Novice: 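First, the structure itself, so that you have it in front of you.
Chain letters run A, B, ... following the sequence lines, proteins first, then strands; residues in each count from 1. In this text the structure is predicted, and so the values were computed from the model without any measurement.
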Amino acid sequence: MSEDGLFSGDAENVIRWVSTGGLALGLASAAVIVTVLARKPPWRLTPPAKWMLLVGFFVLPSMTMLAGNVVGFHKTRQSCTQCHTMDPWVADMKDPGSSTLAAAHYKNRLINEDQCYTCHSGYGLAGNVQAKIGGVSHVLHYYITGVPDEIRIKKPFPSSTCLHCHSEAAGYLKIEQHVDAEMKPKILSGELSCFECHAAPHPKRKRP
Amino acid sequence: MTDPSPDRSAWSLRLLSAACILALAGIAVSVLHFLWPIPLMFALFMSVGQGAFGLAMLLYLGVIFIDLRRSRVL
């Protein structure tokens with residue numbers, strides 16, 4: 001629990017409330033459905049049963065599923081560092097002596113929290129959905145097919161993710177190549193990757 | 001008054017019971033996900049839990065459709 005108490009706007013507290021609410025609604029929904037199932041079959045098709053099922057089937061579970069997604073998204077953002085598979089990459093990111101881009105972003109606090117998720121998910125709702133599908137796929141791979149010896153990014157890292165923060169920054173605009181008439185359109189379109197000139201984001205290594 | 005279409009009533013009851021059991025399965029997974037919010041439970045919630053609940057909703061809509069047909073609304 002945070003120092004500000006249960007009613008603070010702290011993200012963990014909000015998630016705790018959402019989680020508790022989802023749990024209560026889920027149990028209430030289950031109670032309604034079990035009540036309907038426990039009655040004699042002909043009663044299940046009567047108007048009171050239909051109203052109960054409207055609440056037990058639609059209203060309560062919909063909110064439970066919504067709360068589940070909110071909690072799941074929050075936990076997913078933190079889950080990258082919970083898996084031992086990613087230990088070498090996380091260790092490099094947290095290493096003050098490392099010169100990789102991930103380490104530079106981490107030690108300079110350019111991203112305050114959820115560092116992996118911030119760069120490896122697209123921005124906006126579509127990015128969240130893609131990250132969710134990707135996260136489920138990673139967990140299923142982990143338990144079903146096993147982790148591959150060499151971990152590679154599925155698609156080339158989009159320059160738009162870097163440009164989302166950097167493109168209008170004063171420091172970025174001071175670099176001649178970034179505003180060069182020939183190079184700028186290529187950078188903005190993603191034809192020219194940021195990593196053509198800048199250091200690798202992570203060390204290239206196989207899983208130990 | 002007797003039901004004019006007992007076959008449809010029997011189908012409605014079967015579908016409704018199946019929908020209830022699937023919904024309970026979906027809710028059970030989501031409750032477990034709230035209690036143990038680990039990545040595996042989230043994956044199960046997203047695939048098994050929401051899948052079972054989605055199917056339960058479809059069956060429930062099927063029951064509503066049969067009911068409306070029986071009442072000659074549709």
Novice: Identify the heavy atoms of S30(B) and T64(A) that sit nearest to each other, and give their distance.
Specialist: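 So the two residues come closest at OG-CG2, 3.7 Å.
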Novice: Hey, is NE2 on H138(A) packed in by over 12 heavy atoms from elsewhere, all under 6.0 Å?
Specialist: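 Open: at most 12 neighbouring heavy atoms sit under 6.0 Å from NE2 of H138(A).
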Novice: Tell me whether F157(A) at atom CZ has more than 12 heavy atoms from other residues, nucleotides or ligands lying less than 6.0 Å away.
Specialist: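 Above 12, so yes.
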Novice: Can you say whether A49(A) sits under 4.5 Å from chain B via the side chain, the backbone, both, or neither, judging by heavy atoms?
Specialist: neither
Novice: Give a yes or no on this: more than 12 heavy atoms of other residues, nucleotides or ligands lie within 6.0 Å of atom NZ of K184(A).
Specialist: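 No, the 6.0 Å shell around NZ holds no more than 12 heavy atoms from other groups.
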Novice: Please report the closest heavy-atom contact between F34(B) and G22(A), naming both atoms and the distance.
Specialist: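 Minimum heavy-atom separation between F34(B) and G22(A): CE1-C, 3.5 Å.
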Novice: Checking side-chain contact (heavy atoms from CB on, under 4.5 Å) between C20(B) and each of V34(A), V32(A), L53(A), which is the one that passes?
Specialist: L53(A)
Novice: Do K50(A) and V63(B) make a side-chain contact, defined as non-hydrogen atoms from C-beta onward lying under 4.5 Å apart?
Specialist: no
Novice: Nearest 0.5 Å, what's the CD1-CG distance between I27(B) and L60(A)?
Specialist: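 Between I27(B) CD1 and L60(A) CG, I get 8.0 Å after rounding to 0.5 Å.
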Novice: Is A28(B) in contact with chain A via its backbone, its side chain, both, or neither, using a 4.5 Å heavy-atom distance?
Specialist: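 Interface part for A28(B): neither.
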Novice: Find the distance between CG (L16(B)) and CD1 (I33(A)) and round it off to the nearest 0.5 Å.
Specialist: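 Result: 10.0 Å between the selected atoms.
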Novice: Using 0.5 Å steps for rounding, measure from the CG atom of L23(A) to the CG atom of L32(B).
Specialist: 9.5 Å
Novice: For chain B, which of T20(A), L27(A), L37(A) has the most heavy-atom pairs under 4.5 Å?
Specialist: L37(A)
Novice: Just so I understand: if I count every heavy-atom pair under 4.5 Å between each of G68(A), S29(A), G56(A) and chain B, which residue has the most?
Specialist: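 Heavy-atom pair counts peak at G68(A).
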Novice: Indicate the atoms forming the closest heavy-atom contact of L13(B) with P41(A), along with that distance.
Specialist: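 Shortest heavy-atom separation between L13(B) and P41(A) comes out as CD2-O, 3.0 Å.
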Novice: Could you state the interatomic distance from CZ (F57(A)) to CG (L22(B)), rounded to the nearest 0.5 Å?
Specialist: 8.0 Å
